[in-house]
Amino acid sequence: MTILIERNLQITIHNAVSARKFDDDQSHGLSHCMKAVDFVVELDDCYLFIEIKDPQHPAAPARETNRFARSFLSGDLDDELRFKYRDSFLYEWADERADKPVDYLVLIALDQLGPSDLLDRQEELQRMLPLQRPGRRPWPRPIVRSCGVFNIDAWNRNFPDYPVRRLT
């Protein structure tokens with residue numbers, strides 16, 4: 001069993017081959033020129049790139065939570081999320097580790113986000129990565145197999161084998 005912890009959020013992944021914190025200088029080391037997802041998890045058949053945003057952290061002031069929500073809903077964070085994935089993928093590819101399909105999972109720990117809010121951001125992120133070539137044709141070598149944007153409830157519904165919970 002693998003436990004991933006980001007601030008006070010914990011994700012338990014029962015079937016991980018390996019997992020590592022990726023956005024710190026020990027693992028990544030190129031923060032001066034490349035963005036990084038929070039975690040890279042290897043499963044038997046794929047990799048999970050996991051990015052976590054926690055604007056509802058218990059220590060976060062309400063005005064910061066509201067500012068984040070407005071920014072997220074308006075699409076202002078789409079570029080950041082796109083580049084976190086692309087730079088991480090490029091890093092892993094150059095290090096000869098991108099040898100399985102990659103699923104990009106974005107956890108936005110904000111209860112006020114509804115299904116349509118999450119779907120809007122997910123569709124835009126899928127377009128920006130991009131999941132497919134022009135004309136909606138698949139890539140011979142996909143850049144990303146899938147991309148999803150979730151709040152905690154949606155994550156736990158979609159990934160019962162990878163539950164997320166608050167520690168405090």
Side-chain angles (χ1 to χ4, degrees), residues 1-6 9-24 27-31 33-54 72-73 75-110 113-165:
M1 173 172 34
T2 300
I3 308 260
L4 309 175
I5 296 177
E6 181 73 10
L9 293 173
Q10 175 182 297
I11 301 172
T12 303
I13 301 181
H14 296 284
N15 60 339
V17 172
S18 67
R20 67 189 192 284
K21 180 82 170 139
F22 192 59
D23 69 345
D24 60 7
S27 295
H28 187 259
L30 292 175
S31 60
C33 64
M34 296 179 88
K35 294 191 174 287
V37 296
D38 290 310
F39 297 98
V40 173
V41 178
E42 181 181 3
L43 303 177
D44 288 332
D45 62 341
C46 69
Y47 291 97
L48 304 177
F49 284 16
I50 300 174
E51 176 63 21
I52 300 170
K53 298 289 186 192
D54 188 13
F72 176 75
L73 292 170
D76 288 347
L77 298 178
D78 292 351
D79 274 340
E80 177 185 342
L81 295 172
R82 169 181 51 162
F83 288 120
K84 281 180 173 274
Y85 177 82
R86 281 193 186 171
D87 287 356
S88 299
F89 177 81
L90 181 60
Y91 188 103
E92 293 295 283
W93 174 83
D95 224 8
E96 297 183 335
R97 282 190 295 261
D99 56 352
K100 299 177 190 178
V102 181
D103 297 322
Y104 184 29
L105 308 178
V106 178
L107 173 62
I108 307 293
L110 189 58
L113 299 176
S116 64
D117 300 325
L118 297 168
L119 184 60
D120 287 348
R121 300 291 27 102
Q122 176 177 297
E123 287 175 346
E124 183 59 18
L125 192 53
Q126 288 173 347
R127 187 188 70 73
M128 293 171 76
L129 289 177
L131 260 64
Q132 299 176 333
R133 294 188 297 183
R136 300 183 52 89
R137 297 176 306 148
W139 293 101
R141 293 185 59 197
I143 296 168
V144 59
R145 178 173 69 177
S146 69
C147 168
V149 179
F150 310 90
N151 61 16
I152 292 174
D153 289 338
W155 178 286
N156 286 331
R157 275 193 313 277
N158 284 279
F159 304 111
D161 292 337
Y162 315 138
V164 62
R165 69 180 184 95

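Atom set for the values below is all heavy atoms of this structure, side chains included, hydrogens, waters and symmetry mates excluded.
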**Message:** Between Leu81 and Tyr104, does the side-chain contact (heavy atoms from CB on, under 4.5 Å) criterion hold? Intermediate values first, please.
**Reply:** CA-CA 10 Å; Leu81 295 172; Tyr104 184 29; 3.8 Å; yes
**Request:** Indicate the ring-plane relationship of Trp155 and Phe150, choosing parallel, tilted or perpendicular according to the 30° and 60° boundaries.
**Result:** perpendicular
**Prompt:** Under a 4.0 Å N-O cut-off, is there an ion pair linking Lys21 with Asp23?
**Reply:** yes
**Asked** Between the side chain of Asn158 and the main-chain N/O of Ala154, is any donor-acceptor distance below 3.5 Å?
**Response** yes
**Request:** Please round to the nearest 0.5 Å and tell me the distance separating atom CZ of Arg145 and atom CG of Asp103.
**Result:** 4.0 Å
**Fill in**
Closest non-hydrogen atoms of Leu118 and Leu113, given as atom of the first, atom of the second and distance, are CD2-CD1, 3.8 Å
**Prompt:** Are Glu51 and Lys35 within salt-bridge range, i.e. N to O under 4.0 Å?
**Reply:** no
**Asked** Under the 3.5 angstrom rule, does the side chain of Gln122 hit a backbone N or O of Val149 as a donor-acceptor pair?
**Response** yes
**Request:** Verify side-chain contact (heavy atoms from CB on, under 4.5 Å) between Asn15 and Asp161, making sure each step is shown before the conclusion.
**Result:** CA-CA 8 Å; Asn15 60 339; Asp161 292 337; 5.6 Å; no
**Fill in**
Taking every heavy atom of Ala36 against every heavy atom of Lys84, the minimum-distance pair comes out as O-NZ, 3.3 Å
**Asked** Counting distance only, does the side-chain N/O of Ser88 pair as donor-acceptor with the main-chain N or O of Val37 below 3.5 Å?
**Response** yes
**Pairwise distance CD(Glu92) to CG(Asp99) - rounded to 0.5 angstrom** = 9.5 Å
**Item:** Ion pair Glu42/Arg97, N-O distance below 4.0 Å
**Value:** no
**Complete:** Scanning both residues in full, the closest heavy-atom pair of Gln126 with Cys147 reads NE2-O, 2.8 Å
**Message:** Main chain of Asp117, side chain of Asp120: is a donor-acceptor contact present, judged purely on distance under 3.5 Å?
**Reply:** no
**Request:** Mind listing the closest non-hydrogen atom pair of Ala98 and Phe89 along with its distance?
**Result:** CB-CE1, 4.0 Å
**Asked** Do the side chains of Trp139 and Leu131 get nearer than 4.5 Å, heavy atoms only?
**Response** no
**Complete:** The reported gap from CG in Leu129 to CZ in Arg82 (rounded to nearest 0.5 angstrom) is 8.5 Å
**Spacing of Met34 atom CE and Arg86 atom CZ [to the nearest 0.5 Å]** = 12.0 Å
**Asked** Is a salt bridge present between Asp78 and Arg121, judged by a nitrogen-to-oxygen distance below 4.0 Å?
**Response** yes
**Prompt:** For the residue pair Tyr85 and Phe49, is the inter-centroid distance of their aromatic rings smaller than 6.0 Å?
**Reply:** yes
**Message:** Within the structure provided, determine whether Leu4 and Val41 are in side-chain contact (heavy-atom separation under 4.5 Å).
**Reply:** yes
**Request:** Could you check Lys100 against Asp45 for side-chain contact (heavy atoms from CB on, under 4.5 Å), going step by step and ending with a plain yes or no?
**Result:** CA-CA 7 Å; Lys100 299 177 190 178; Asp45 62 341; 6.0 Å; no
**Message:** I'd like to know whether Ile11 forms a side-chain contact (heavy atoms from CB on, under 4.5 Å) with Ile50, so could you lay out the CA-CA distance, the side-chain angles of the two residues, the decisive distance to 0.1 Å, and finally the verdict.
**Reply:** CA-CA 10 Å; Ile11 301 172; Ile50 300 174; 4.3 Å; yes
**Request:** Would you confirm whether Arg133, through its side chain, and Pro138, through its main-chain N or O, come within 3.5 Å as a donor-acceptor pair?
**Result:** yes
**Asked** Can you tell me how far the NZ atom of Lys53 sits from the CG atom of Leu77, to the nearest 0.5 Å?
**Response** 7.0 Å
**Message:** Could you check whether any side-chain heavy atom of Asp79 comes within less than 4.5 Å of a side-chain heavy atom of Met128, counting everything from C-beta outward?
**Reply:** yes
**Prompt:** Which atom pair, heavy atoms only, marks the closest approach of Ser146 to Val144?
**Reply:** O-CG2, 3.1 Å
**Request:** With the side chain counted from C-beta on, respond yes when Leu43 and Leu48 share a heavy-atom pair under 4.5 Å apart, and no when they do not.
**Result:** yes
**Prompt:** Within a strict 4.5 Å, meaning less than it, do heavy atoms of the Asn151 and Ile108 side chains meet?
**Reply:** no
**Request:** Could you tell me which non-hydrogen atom of Asp54 sits nearest to which non-hydrogen atom of Ala109, and how far apart they are?
**Result:** OD1-CB, 3.4 Å
